[in-house]
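Have a look at this one before I ask anything.
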Amino acid sequence: MNFQVKNILGAMVLIGLNTNALADELPDRQQALPSVQKQAEHLYLQSAALADIPAGEFGDKVRLGYQLFVNTQQLRDKHVGNELNCVNCHLNAGNKANASPLWGAYFAYPAYRKKNDKVNSFEERLQGCFTYSMNGKAPESGSKELVALSAYSYWLGMSGLMLQHNVAGPVPELSDSELVKGAKRDDFILPEAISSKMDQNALAQLPGRGYPAVPKAEQAYSPERGAKVYQAHCQSCHGDDGQGQMIAGIAALPPLWGPQSYNWGAGMHRVGTAADFIYENMPLGKSVQLTPQQAWDVSSYINSQERPQDPRFKGQVTDTQKQYHQHDGYYGKTISGQVLGSDSSANFPKK
Ligand code: HEC
Ligand code: HEC
């Protein structure tokens with residue numbers, strides 16, 4: 001691609017981002033990730049230890065990102081509208097392979113989406129999880145929260161790659177405006193020892209990225225069977241009412257449905273996405289314990305319960321359903337005489 005063409009594309013990208021920010025439409029940023037095959041354990045990136053985050057201004061941003069990621073409740077009511085923390089779904093502080101690790105994500109953005117031909121920068125992807133998974137109002141582009149979360153993700157990924165390729169020295173520092181973009185761009189500088197072995201596409205699909213696809217089950221998923229799986233394997237931690245458990249005022253065991261859970265626009269509300277997550281990662285500490293059938297069934301059970309409204313809702317459940325819910329979910333479907341998605345009592349921000 002010659003320089004001029006690149007510049008034009010660059011300008012289009014900028015225009016795309018601007019119109020995005022101005023429109024009052026909430027973009028659909030919860031697109032399902034491409035599923036990456038499971039790999040042998042030793043192929044997963046190992047980030048440097050948190051204790052190795054350097055002193056100084058850059059290190060402080062990385063540390064703040066870590067703090068926000070594991071204790072997102074410090075942004076409660078400002079940017080977070082439920083009881084969740086990022087770490088609840090991106091396990092081990094965003095470090096665990098096959099639990100959508102941050103190091104797997106950072107090198108995959110900016111990402112182009114075919115659906116609306118727009119670019120998602122890394123910070124926009126972060127905003128997506130604030131809006132939907134955290135049922136909140138996302139921090140603004142360039143805010144210190146998004147810079148910090150980007151810095152933490154970058155640091156995990158870059159330190160891991162440097163270890164893997166025997167590159168000595170500190171993780172190169174990036175400016176705030178570079179950090180929030182993500183690393184899948186031609187002007188992102190990688191140490192030669194890494195770039196000579198891995199191209200952009202390999203970096204965007206690191207082994208362990210996302211949640212690996214659960215094998216197909218023999219029977220169609222069933223919330224009724226899922227309720228039994230729930231009682232046997234989940235209830236002890238997540239509660240008989242799915243509301244998790246508060247310990248000393250902290251949701252130590254997170255809720256799975258209801259007003260304190262992820263909303264109807266979150267990726268986790270799709271039966272397939274939650275089945276992938278659950279099969280690989282739950283019951284916590286015991287993965288992989290369930291059969292694929294049990295994972296599908298229990299996913300359909302928790303996702304056929306009421307939860308906060310899809311923030312793209314404009315007044316008619318059927319409209320939101322038609323526009324955004326052409327996939328395996330329960331939004332707009334009738335369960336026990338109740339249309340799911342019609343309980344708007346838990347909306348955020350409060351109108
Ligand atoms: C031993 C306790 C335990 C058991 C049993 C358990 N979980 Fe979890 N689960 C957790 C914890 C703790 C987290 C948050 C992980 C973290 O923050 O590191 C979690 C997170 C989750 C999440 C993502 C966060 C959220 O609240 O939406 C889902 C979904 C989930 N569990 C579903 C299940 C299902 C389904 C089962 C049964 C198959 C199950 N869990 C069994 C402890 C448990
Ligand atoms: C309820 C579970 C849940 C919570 C809580 C959550 N996420 Fe996510 N996140 C997901 C799912 C599921 C995906 C995968 C996208 C999909 O399939 O829809 C994802 C995707 C991502 C990605 C992109 C991953 C990739 O490889 O492209 C990033 C980055 C991310 N989340 C960051 C965050 C941050 C930061 C927070 C806290 C502010 C957060 N998430 C909270 C479930 C969650």
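Note that the structure is predicted; figures quoted are calculated from it, not measured. Just follow the structure's listing: the first ligand is 1, and inside any ligand the first atom is 1.
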Query raised in the report: When you measure from the side chain of Gln245 to the backbone N and O of Gly239, does any donor-acceptor pair fall under 3.5 Å?
Result: no
Report task. Would you check if Gln74 and Gln67 make a side-chain contact, meaning some heavy-atom pair closer than 4.5 Å? Result -> yes
Query - ligand 1: protein residues within heavy-atom distance under 4.0 Å - result: Leu84, Val87, Asn88, Cys89, Leu91, His233, Cys234, Cys237, His238, Ala252, Leu253, Pro254, Pro255, Leu256, Tyr262, Phe277, Ile278, Met282, Pro283, Leu284, Leu290, Val298
Requested in this report: Output the list of atoms in ligand 2 that are nearer than 4.0 Å to some heavy atom of Phe130, sorted by atom number.
Outcome: 38 (C)
Query raised in the report: Are any of the N or O atoms of Tyr109 closer than 3.5 Å to those of ligand 2?
Result: yes
Query raised in the report: Should Tyr106 be listed as contacting ligand 2, given a heavy-atom distance under 4.0 Å as the test?
Result: no
Query raised in the report: Can a salt bridge be assigned to the pair Asp176 and Lys61 using a cut-off of 4.0 Å between side-chain N and carboxylate O?
Result: yes
**Report entry** Proximity of His269 and His325 rings by center, below 6.0 Å
**Finding:** yes
Report task. Please name the pair of heavy atoms, one in Pro223 and one in Tyr330, separated by the smallest distance, quoted to 0.1 Å. Result -> CG-OH, 3.4 Å
Query raised in the report: At a 4.0 Å threshold, what atoms of ligand 2 neighbour a non-hydrogen atom of Gly267?
Result: 18 (O)
Query raised in the report: Quick one: does Arg270 get an N or O within less than 3.5 Å of an N or O on ligand 2?
Result: yes
Report task. Measure centre to centre between the rings of Trp257 and Tyr301, then say whether the value is under 6.0 Å. Result -> yes
Report task. Take Phe122 and Tyr106, measure what ring pair (Phe, Tyr, Trp, His ring centres under 6.0 Å) needs, and give me the verdict at the end. Result -> CA-CA 7 Å; Phe122 188 71; Tyr106 194 75; 4.9 Å; yes
Report task. Take the angle between the ring planes of Tyr154 and Phe188 and call it parallel below 30°, perpendicular above 60°, tilted in between. Result -> perpendicular
